[in-house]
Amino acid sequence: MSVTAIKGFNDILPRESGRWHHIEQAARRVFELNGFSEIRVPIMEKTELFSRSIGDATDIVEKEMYTFTDKGGNSVTLRPEGTAGVMRAFIEHKLHAQDPVARLYYLGPMFRYERPQKGRYRQFHQIGAEITGVHDPLADAQVLNMLVGFFREIGLDEPHLQINSLGCPDCRPVYRAALLEFLEGRLDQLCEDCRRRYSTNPLRILDCKVPRCIEATAGAPSVLDYLCAGCNEHFTGVRGYLESTGTPYAVNPRMVRGLDYYTRTTFEMVTGLLGSQSAVAAGGRYDGLISQLGGPSIPGIGFAMGLERVALLLGDQEFSHRPDLFIATLGGGERSFAFRLMHDLLSQGARVEMDYDGKSLKSQMRRADKLGARFSLVIGENEVTSGKAAVKRMEDGTQSEVPLVADAILKAIR
RNA sequence: GUGGCCAUGGUGAAGCGGUUAACACUUACGACUGUGACUCGUACAUACGAGGGUUCGAUCCCCUCUGGCCACCCCA
C-alpha cells in the first residue's frame, strides 16, 4: 500500500479548487469592500497563546490541539482557530497605536484532533474577520451584515443568522447561578451528558438535543432576562441596526459558544443541510480578550466560517474555466505555426489550448469538445499557405473564415 | 473519546467459498487517411482497503489494523 494522507487531512483536487476560489474570492471582495485588510499570521503558535485565550477547560484546549515540543524544547501548537493568533499579532506589532480600530481578515488552515465526519476534518479551513476597538453595536451589525452579504454574494440563501447575547463578566455569573438553581431540582430528568455538563458547562445543557432535556429545560431562565443594563442596551442596539438594514435574523437565547473569550453578542449562521454540523460560520464579541493577552483594554468582535462547510453547501456546481479557443493541427510544421499563434493569443488574454501529442484530428476535436472550448480552429497545410482558417463555433457548428492573425481571431471569438 | 453501518477498477456498482470478477460511465484508439456532441467497434481490475487466520480452495467466513459514513461528544 502506498503512502496516504493523514486521517482527517484532505486534498483539494483540481475539480474542487474552482469552487474554493469562488468562495475565497467572494470573501475577499466582500470583506475588502467593507474596509477589511488581510493579515497573514503563522499557523503555529506557542501553546500558551491558545490555552490563555480559548480557555483551559474547553474541549479544544483539553483534547483537540495538535501540540508538541519542538527541537528547542518549546511547546508549540498548530492553531485550532484564527482569532488568537491575529490578536497576538495585533498586540505584538502594536497596531492599536496607529489606529485602535483595525478591521482584519485572514484565511487558512486550522487544526483540531477530532473524529472526522462530513463537514468536520482535522485540517480544515477558515476565513475569518475581526474588528477591534469599537464598543458600539454598529460594529457588531456591520460584521453580521458582511457575513450575510457574503452568503448572498456566493449565491446561497440557506444558512440563516441566529444571534444571542452572553452578557459580560458582570451579568453572566448572575445568570449562570440562576440557571444552576433552576437545573438543580431537575437533574434526574436530564440525560447523562447533561448531568456531567451541569458541573462542566451548564449553559450547554440548553443546547442539548435529547428530547427529555429539551422538555426539562423548557421553562429555564433566559440569558436575555439577566443582561445588565449595558449589555441589554448593546443587544438592543445590535438588533436595531440589523432591523434598520432589513437583515433577517432570529434571536436564539439558547445558543452557546465554545470559546471562553466571548462576551455579549454571539452568533451563528446555521443550516439544516449538513447533518450535525449545522454551524457554517460563527463568532461573537470578545471585549476582554485583547487585554487578557497582554494588550490594551480594547474590545473586539469577529467570526470565522468553515470553508469545507461552505463548499459542501455549494454542492457540485462547476466553477472551472472553459477555453475560448482550441487549435487543432494536422502536421509537424503546422504545430509550430499553431504554437506561435497560441502564444500570441495567450499574451492577449485569450484562453487558448492546443493538442500536445499530434493526435488525429478526430481526437483533437473530441478534446476541444470535452474541454468545453467555445471555438475551435483547424490549421493544416492549406491554412498556412492561404493564411486563412475557419473558426468554428462549437455550440452550433457554424464556421467563419478569418485571417490567421491574432487580432482577427480575437475578434471572431469575442 | 463512545456507539452503529460500511470498504470490489478512475467512477457507479454486480458477484458472496470453487476454473474468464457482470454491467454502465469515464478514458484511449478506430468506424471519414481535414473537423466534436449522437451511434457503433476495440482496449482498459495478476485483482476485490491492508495484514493475519479458517479451508483442499476465499473477493465472499473469522480476527486485527486502516479508512469512510451516520449519530453522540464537540465545533467552523
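Every chain is numbered from 1, with letters handed out A, B, ... down the list of sequences.
Partners of A:Ser278 under the side-chain contact (heavy atoms from CB on, under 4.5 Å) rule, at least two apart in sequence or in another chain, do not exist in this structure. Partners of A:Ser222 under the side-chain hydrogen bond (donor to acceptor under 3.5 Å, both in side chains) rule, at least two apart in sequence or in another chain, do not exist in this structure.
Taking atom C1' on both nucleotides, B:rC48 is separated from B:rG15 by 10 Å, rounded to a whole Å. Nucleotides B:rC56 and B:rA45 have their P atoms positioned 32 Å apart, rounded to a whole Å. B:rG49 and B:rC6: their C1' atoms are spaced 12 Å apart (whole Å). Between B:rC5 and B:rA43, the two P atoms lie 42 Å apart (nearest whole Å). Straight-line distance between the C1' atoms of B:rC44 and B:rU2: roughly 44 Å, to the nearest whole Å.
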When every nucleotide of nucleotides 37-43 of chain B is labelled 5' to 3' by its protein contacts under 4.0 Å (heavy atoms), B for base, S for sugar-phosphate only, - for none, what sequence of letters results?
-> B------
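Screening residues 165-193 of chain A for side-chain hydrogen bond (donor to acceptor under 3.5 Å, both in side chains), with sequence neighbours left out, gives A:Asp193-A:Arg196. Sequence neighbours left out, the pairs with a member in residues 269-293 of chain A that pass salt bridge (charged side-chain N to carboxylate O under 4.0 Å, His left out) are A:Asp140-A:Arg285, A:Arg285-A:Asp287. Sorted by first and then second residue, the salt bridge (charged side-chain N to carboxylate O under 4.0 Å, His left out) pairs involving residues 246-275 of chain A (not counting sequence neighbours) are A:Arg257-A:Glu268. For residues 385-402 of chain A, no pair satisfies salt bridge (charged side-chain N to carboxylate O under 4.0 Å, His left out), with sequence neighbours left out. The stretch residues 59-69 of chain A participates, sequence neighbours left out, in these salt bridge (charged side-chain N to carboxylate O under 4.0 Å, His left out) pairs: A:Asp59-A:Lys63.
For A:Pro116, taking side-chain heavy atoms from C-beta onward, the closest of the listed nucleotides B:rG68, B:rC74, B:rG30 is B:rG68. When distances are taken from the side chain of A:Lys118 to each of B:rC74, B:rG30, B:rC70, the shortest belongs to B:rC70. Listed candidates were B:rG1, B:rG34, B:rG30. Nearest to the side chain of A:Arg120 is B:rG1. Listed nucleotides: B:rG34, B:rA76, B:rC70. Nearest to the side chain of A:Phe124: B:rA76. You'll find that the side chain of A:Lys7 is closest to B:rG67, out of B:rG67, B:rG34, B:rA76. Closest to the side chain of A:Glu383, from the set B:rG30, B:rC72, B:rG34, is B:rG34.
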Distances for protein N/O vs nucleotides 3-8 of chain B N/O pairs under 3.5 angstrom?
residue : atom : partner  : partner atom : Å
B:rG3   : O6   : A:Arg115 : NH2          : 3.4

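Scanning all heavy atoms of the two residues, the minimum distance from A:Glu24 to A:Leu307 falls at OE2-CD1, 4.1 Å.
Where A:Leu307 and A:Ile6 each meet RNA chain B at their nearest nucleotide, the meeting point lying more 5' is that of A:Ile6. Nearest-nucleotide positions on RNA chain B place A:Ala390 closer to the 5' end than the other of A:His125 and A:Ala390.
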Let me check something: any side-chain donor-acceptor pairs from residues 343-356 of chain A under 3.5 Å, sequence neighbours excluded? List them with distances.
residue  : atom : partner  : partner atom : Å
A:Ser347 : OG   : A:His343 : O            : 3.3
A:Ser347 : OG   : A:Asp344 : O            : 2.7
A:Asp355 : OD1  : A:Asp357 : N            : 3.4
A:Asp355 : OD2  : A:Asp357 : N            : 3.3
A:Asp355 : OD2  : A:Gly358 : N            : 2.6
A:Asp355 : OD2  : A:Lys359 : N            : 3.0

What side-chain donor-acceptor pairs closer than 3.5 Å can you find for residues 119-135 of chain A, not counting sequence neighbours?
residue  : atom : partner  : partner atom : Å
A:Arg120 : NH1  : A:Arg115 : O            : 2.8
A:Tyr121 : OH   : A:Gly119 : N            : 3.1
A:Arg122 : NE   : A:Glu114 : O            : 2.7
A:Arg122 : NH2  : A:Glu114 : O            : 3.4
A:Gln123 : NE2  : A:His125 : NE2          : 3.4
A:His125 : ND1  : A:Glu308 : OE2          : 2.8
A:Glu130 : OE1  : A:Tyr286 : OH           : 2.5
A:Glu130 : OE2  : A:Thr83  : OG1          : 2.7
A:Thr132 : OG1  : A:Pro100 : O            : 2.7
A:Thr132 : OG1  : A:Ala102 : N            : 2.9

With Watson-Crick and G-U wobble geometry limited to distances under 3.5 Å, how should the secondary structure of RNA chain B be encoded in dot-bracket form, using | for bases paired to another strand and [ ] for crossing pairs?
-> ((((((((.[[[..)..(....]]].(((((.......))))).....[[[[[..)....]]]]])))))))....
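Between the side chains of A:Tyr249 and A:Arg239, at least one donor N or O lies within less than 3.5 Å of an accepting N or O.
When ring centroids are compared, A:His96 and A:Phe90 come within the 6.0 Å threshold.
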